[in-house]
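So the structure is just underneath, and the comments pick up after that.
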Amino acid sequence: MCGIVGYVGNRPARELLIEGLQRLEYRGYDSAGITLAGPAGLESTRAVGNLSHLRSAVSAQDAAGERVGAGCHATVEAPATSGIGHTRWATHGSVTERNTHPHSDDADRVHVVVNGIIENYVSLRARLQADGSVFSSETDAEVVAHLVAAEYDGDLAAAVTATLDQLQGHFAFVALHRDEPDVLVGSRRECPLVIGLGDDEAFFASSTAAFASEARKVRYLEDGEIAIVRAGDVEVRDAAGEIVAGREAEVTDLGPQAEKGPFETFMLKEIHEQGAALEETIGAYVNGPTIDFGGDLDDDLLLRARRIIMVGCGTSYHAALVGRYAIEQWCRVPVELDVASEFRYRNPVLGPGDLVIGMTQSGETADTLAAMRLARSQGAHVVVVTNVPGSQATRECDAALLTRAGLEVGVAATKTFVCQVALMYLLALRI
């Protein structure tokens, strides 16, 4: 659930990166950092704790006029107009505020931000160390940087492509190279990564929330695609290096949704937003005496369903649990319920006539997406219930039912859970 942000354009990048990370704070983290492509190379600032500590570190450097070697704390004399940022959990090794080991040339040349897990990082790290790479942390993310550096021969996109072939796991990452400061290259595998396009500028981010007030359009990346982003321009290639057309959409400015307003916390604000969120969600599907889910989920499909299977994680699982009670009691249709992370490993029996409902607030939950893919591969009809239009889940289903809760920043679900439950009731009533 880390958050990553990248920017390349004509405006000073530092504040744009920090503001983008601030909009992704709901994803959770224990440390944060940014790298800017400045005149002296790639220069980073890191801090343990929340973003206020990162801002303090940046301010302290400005006040001191401090400037040291790439990879350590540094500021840039002229405003850098490209860079990357990260809020991260220390899932491998301890939280690190600064490099404590000698820097390798790799660290000077390539910086990356990574969300997810590199499952084969131990064997990759051993191989890279045998080839002379010097590591400064225990993170799996640093392996990606060393691999990109090892594969680099004047073309960052080619180096990222070669690196992808060696990685196992689920992840999204963005790479920045000292010799190509006006280019960011990113890719994803089962973790979210989107691109924002503005006027002569572009963003990478884990979610459109990071750049909703800055970009005009969003471009969605599919698994395995590689995006080469320059100011106001994006080129997307598949694993074979062929340029692919992608789907773009207008960016919705979240406006007040991304601010706490008069409330002390986002959670308190979102508790008070439950009534309006329910009204929007129910109103989207109820027209007088009729419940209408649209053509993708027509009555014939619901009547033919021999059974319904629901999958979800966390709060979405519990909303599905309420839905199971309602459907079985009112409709007398058998309903199975699985934690999404277990579903694909029990080798479930699926096929035509099965209706599989994936519940995911974000539309990006990796285990739920994997369960949905398995169900579709075996011939089941897959419906997703999600709060995020345009999310990965809406692109990998046969029909999407959207809750209208708006942005939820609080980590413990309030309005999104209630809206999921309401949508389950509507589905049960329609059946």
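Predicted, not measured: the structure shown is a model, and the values here were computed from it.
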Pair E336 + R346: basic N to acidic O under 4.0 Å: yes
Side chain to side chain, D108 and L42, heavy atoms closer than 4.5 Å: no
Partner set under side chain to side chain contact (heavy atoms under 4.5 Å, CB included) for A231, not counting sequence neighbours: none
Residue pair L427, L423: steps toward the side chain to side chain contact (heavy atoms under 4.5 Å, CB included) verdict: CA-CA 6 Å; L427 179 61; L423 200 43; over 6 Å; no
Atom pair OG/CD of S136 and E142 - distance to nearest 0.5 Å: 4.0 Å
Residues which pass ring-ring contact (aromatic ring centres under 6.0 Å, His included) with H53, listed by chain and number, not counting sequence neighbours: none
Side-chain H-bond candidate by donor/acceptor type, T360 with T365, under 3.5 Å: yes
Trace of the side chain to side chain contact (heavy atoms under 4.5 Å, CB included) decision for R189 with L164: CA-CA 9 Å; R189 185 183 298 164; L164 273 175; 4.3 Å; yes
Donor-acceptor under 3.5 Å (R230 side chain, D233 main chain): no
Side chain to side chain donor-acceptor pair (under 3.5 Å) involving R125 - partner list, sequence neighbours excluded: none
Non-neighbouring partners of I291 that pass side chain to side chain contact (heavy atoms under 4.5 Å, CB included), sequence neighbours left out: V286, F293, L426, L429, R430
Residue pair Q378 / R373, side-chain donor-acceptor N/O under 3.5 Å: no
Any side-chain donor near an acceptor of the partner, Q166 and E151, under 3.5 Å: yes
More than 12 heavy atoms of other groups within 6.0 Å of D165 CG: yes
Residue list, side chain to side chain donor-acceptor pair (under 3.5 Å) with E15, at least two apart or on another chain: R55
Within 6.0 Å of CG in D300, more than 12 heavy atoms from elsewhere: yes
Residues V418, L278; criterion side chain to side chain contact (heavy atoms under 4.5 Å, CB included); working and verdict: CA-CA 7 Å; V418 174; L278 277 171; 3.5 Å; yes
Carboxylate-amine/guanidinium proximity below 4.0 Å for D354 and R307: yes
Salt bridge K415-E408, side-chain N to carboxylate O under 4.0 Å: no
Test item: H86 side-chain N/O and V5 main-chain N/O as donor-acceptor pair under 3.5 Å: no
For I4 against A172, the heavy-atom pair lying closest together: CD1-O, 4.0 Å
L374 and F343, any side-chain heavy atoms less than 4.5 Å apart: yes
Minimum side-chain heavy-atom gap L156-V148 below 4.5 Å: yes
Please table the atom pairs, donor to acceptor, closer than 3.5 Å between any side-chain atom in residues 238-246 and protein atoms at least two apart or in another chain.
| unit_1 | atom_1 | unit_2 | atom_2 | d |
| --- | --- | --- | --- | --- |
| D238 | OD1 | A240 | N | 3.0 |
| D238 | OD1 | G241 | N | 3.1 |
| D238 | OD1 | E242 | N | 2.8 |

CA sep, side-chain torsions, deciding dist, call: S207, L24, side chain to side chain contact (heavy atoms under 4.5 Å, CB included): CA-CA 8 Å; S207 165; L24 298 178; 3.9 Å; yes
All pairs passing ring-ring contact (aromatic ring centres under 6.0 Å, His included) where residues 390-425 contributes a residue, at least two apart: W330-Y425
Side chain to side chain, I309 and I357, heavy atoms closer than 4.5 Å: no
Heavy-atom closest pair, residues A150 and L128: CB-CD2, 4.5 Å
Student check: side-chain heavy atoms of E214 and L16 closer than 4.5 Å: yes
Side-chain H-bond candidate by donor/acceptor type, T290 with D292, under 3.5 Å: no
Donor-acceptor pair, side chain of S133 and main chain of Q129, under 3.5 angstrom: no
Atom CG of D131 with >12 non-hydrogen neighbours under 6.0 angstrom: yes
Sidechain-backbone polar pair: R23 side chain, A210 backbone, donor-acceptor under 3.5 Å: yes
Side chain Q168, main chain N120, donor-acceptor under 3.5 Å: no
E235/R237 ion pair, N-O < 4.0 Å: yes
Donor-acceptor under 3.5 Å (T87 side chain, C2 main chain): no
Backbone of E190 reached by a side-chain donor or acceptor of D223 within 3.5 Å: yes
From T315 atom OG1 to L321 atom CG, the distance as rounded to the nearest 0.5 Å: 12.5 Å
Donor-acceptor under 3.5 Å (E364 side chain, C191 main chain): no
Listed partners of R404 passing side chain to side chain donor-acceptor pair (under 3.5 Å), at least two apart: Y285
Any pair counted as ring-ring contact (aromatic ring centres under 6.0 Å, His included), so long as it reaches residues 147-187, sequence neighbours left out: Y152-H177
Nearest-0.5 Å distance, NE2 of residue H111 to CG of residue L36: 11.0 Å
Basic-acidic side-chain contact under 4.0 Å: K269, E273: yes
Any residue meeting side chain to side chain donor-acceptor pair (under 3.5 Å) with N387, in chain and number order, not counting sequence neighbours: Q361, T403
Note, I226 side chain near V185 side chain (heavy atom, < 4.5 Å): yes
Check: R46 side chain, L54 main-chain N or O, donor-acceptor pair, under 3.5 Å: no
Separation of I34 CD1 from T45 OG1 (nearest 0.5 Å): 5.0 Å
Shortest non-hydrogen contact between A305 and L355, atoms and distance: CB-CB, 4.2 Å
Sequence neighbours excluded - side chain to side chain donor-acceptor pair (under 3.5 Å) pairs with any residue from residues 318-329: none
Nearest heavy-atom neighbours spanning M372 and A393: CE-O, 3.7 Å
Flag side-chain contact, heavy atom, 4.5 Å: T35 against L176: yes
Nearest heavy atoms of A37 and P181, plus distance in Å: CB-CB, 3.7 Å
Residue pairs fulfilling side chain to side chain donor-acceptor pair (under 3.5 Å) with at least one residue in residues 192-206, sequence neighbours excluded: Y7-E201, R11-E201, D199-R216
Whether Q274 side chain and I271 backbone form a donor-acceptor pair below 3.5 Å: yes
Within-4.5 Å side-chain heavy-atom neighbours: S316 and V311: no
